Protein chains: 2
Amino acid sequence: MGLRETKMERTRQLLADTAFELFTAQGFAATTMEQIAAAAEVGPRTLYRYYATKEALLLTFVEQRLDEALDVLRAQPPDMPVPEALYKLLDYVLRTVAESGDRIIAVYELAWRTPSARAQLSDNTSRWRGELATEIARRMGGRSAELAATLASANTMTVIEVSVRTWVESGGRSNMRRITHRALELLRGSGVPVATP
Amino acid sequence: MGLRETKMERTRQLLADTAFELFTAQGFAATTMEQIAAAAEVGPRTLYRYYATKEALLLTFVEQRLDEALDVLRAQPPDMPVPEALYKLLDYVLRTVAESGDRIIAVYELAWRTPSARAQLSDNTSRWRGELATEIARRMGGRSAELAATLASANTMTVIEVSVRTWVESGGRSNMRRITHRALELLRGSGVPVATP
DNA sequence: TCGCGAAGTGGCAGCCACTGCCACATGGCC
DNA sequence: GGCCATGTGGCAGTGGCTGCCACTTCGCGA
């Protein structure tokens, strides 16, 4: 990786961090892109080259975690049973969410309060669910599995959402895994694969 | 209902219809709010009083249908088994979607092509899913049912989404109900209530 | 090592979604 | 018929976002 790319990666990180601080300090709407650019000491035009929208600047952190989780799933051997692979994914998500702690909580709370950011978050998770469905379908094999894969993906996403949501609402104090396991237990028994340890 | 309210309702309808025609004719992004206001012969400021955002103008049609479906569910007797009540809701959605035909297809295709509109649509359905979960929880009774209700709501929404999506993608030619029933069949057997005729 | 092309940066002008404010008009009601 | 509440519309302004173009800086081959 050349000097150029290193520098850009650093700038990218700096912009997201600077934005995050301003957002938490003054609120999302009250912070302008110009302010963020000034605080990070770049031109506004450059800021837009790194992040196309203000919402992206807030949500990139969450987005990265979800994409990493997908990579974890893809890295599992192709002959691993789907429920087991899904459990690895779920486990990764819950672990990293719990580790990132405060920042995740702050981002979610900001996003939920801000219509445009909440909408963008919904869109991200919806896109992510689609990618997850594709990966599950590949593992289940064959065209006919597409519907089951879509349902399995939706189930998984719902479990993640409900777990994270209650965890965030408790300020990071509740036991995320307990809810996850209760949800998985409820979902078992249908014709759709469910994450299993 | 007084003359005043009647007139406003008419204007409201006129604005959405005018916008829809312009959107389909020239595309969502290429249509300005000013154009819509001019075409409907109201001031731009007035347009904003009826619809807070451009996306709302496009999506109000879909939104209305979903809200009606919730009302249908709420109208069912409280002692009706949840799976049966869910089936009534599902049935209403599929029926009205099929009846509204071209317009639904056009709205979805416009929304999917437009990031901001797609995000808004995601947000709407997410909010709707929450309301559905609340209603299901009430019918299942008790605090402890909340998680199962959330999962049931998510399942139902997924079934609707996947049905509508494939239907729209086929240009309204595929059999929406076949997919719906296959999906419901797959979902049966878990601890979560599933729509049943 | 030097210089050149590619790639990143930033300023400027401009579009348009959206808002607060205020003056005006128009139903609804006594 | 006149008054109040409520709806309409113009105006000025903010800020997100874009295209364009000039400038700088990195990376690489001669």
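Remember, it's a predicted structure, so these values are computed and weren't measured experimentally.
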When you look at CZ of A/R182, are more than 12 heavy atoms from neighbouring residues, nucleotides or ligands closer to it than 6.0 Å?
-> no
Of B/T31 and B/E5, whose closest DNA chain C nucleotide lies nearer the 5' terminus?
-> B/T31
Would you mind reading off the distance between B/L22 atom CG and C/dA17 atom P, rounded to a whole angstrom?
-> 12 Å
Any A/Y50 side-chain N or O less than 4.0 Å from OP1/OP2 of C/dT9 | yes
Atom-to-atom span, CZ of B/R10 to P of C/dG27 - whole angstrom = 12 Å
Would you kindly give the CZ-to-C1' distance between B/R45 and D/dT14, to the nearest whole Å?
-> 14 Å
Write down the distance between CG (A/L3) and C1' (C/dG8), rounded to a whole number of angstrom.
-> 12 Å
Euclidean distance, atom OH of residue A/Y51 to atom P of C/dG8 [Å, nearest integer] | 15 Å
Nearest-neighbour nucleotide for the B/T53 side chain, C/dC18, C/dT9, D/dG7 considered | C/dC18
Of the candidates C/dC18, C/dG10, D/dG7, the side chain of A/V42 sits closest to C/dG10
When you check the side-chain N and O atoms of A/Q26 and A/Q35, is any donor under 3.5 Å from an acceptor?
-> yes
Does B/Y51 use its side chain to pair, donor to acceptor, with the backbone of B/L15 at less than 3.5 Å?
-> no
Whole angstrom is fine here: how far is it from CD in B/Q35 over to P in C/dC15?
-> 14 Å
For DNA chain C, whose closest nucleotide is more 5', that of B/R49 or that of A/T46?
-> A/T46
Please give, in whole Å, the distance from C/dA17 C1' to B/L57 CG?
-> 12 Å
Determine, for B/R129 against B/E161, whether the closest basic-nitrogen to carboxylate-oxygen distance falls under 4.0 angstrom.
-> no
Within the structure, does a side-chain N or O atom of A/K7 lie under 4.0 Å from either OP1 or OP2 of D/dC26?
-> yes
Measure from the side-chain heavy atoms of B/T32 and tell me the nearest of C/dG28, C/dC16, D/dG16.
-> C/dC16
Determine, for A/E63 against A/R127, whether the closest basic-nitrogen to carboxylate-oxygen distance falls under 4.0 angstrom.
-> yes
Taking OH from A/Y48 and P from C/dC12, how many angstroms apart are they, rounded to a whole number?
-> 16 Å
Between C/dG11, D/dT6, D/dG16, spot the one nearest the side chain of A/P44, thanks.
-> C/dG11
Among D/dG16, C/dC18, D/dT8, the one nearest B/M8 by side-chain distance = D/dT8
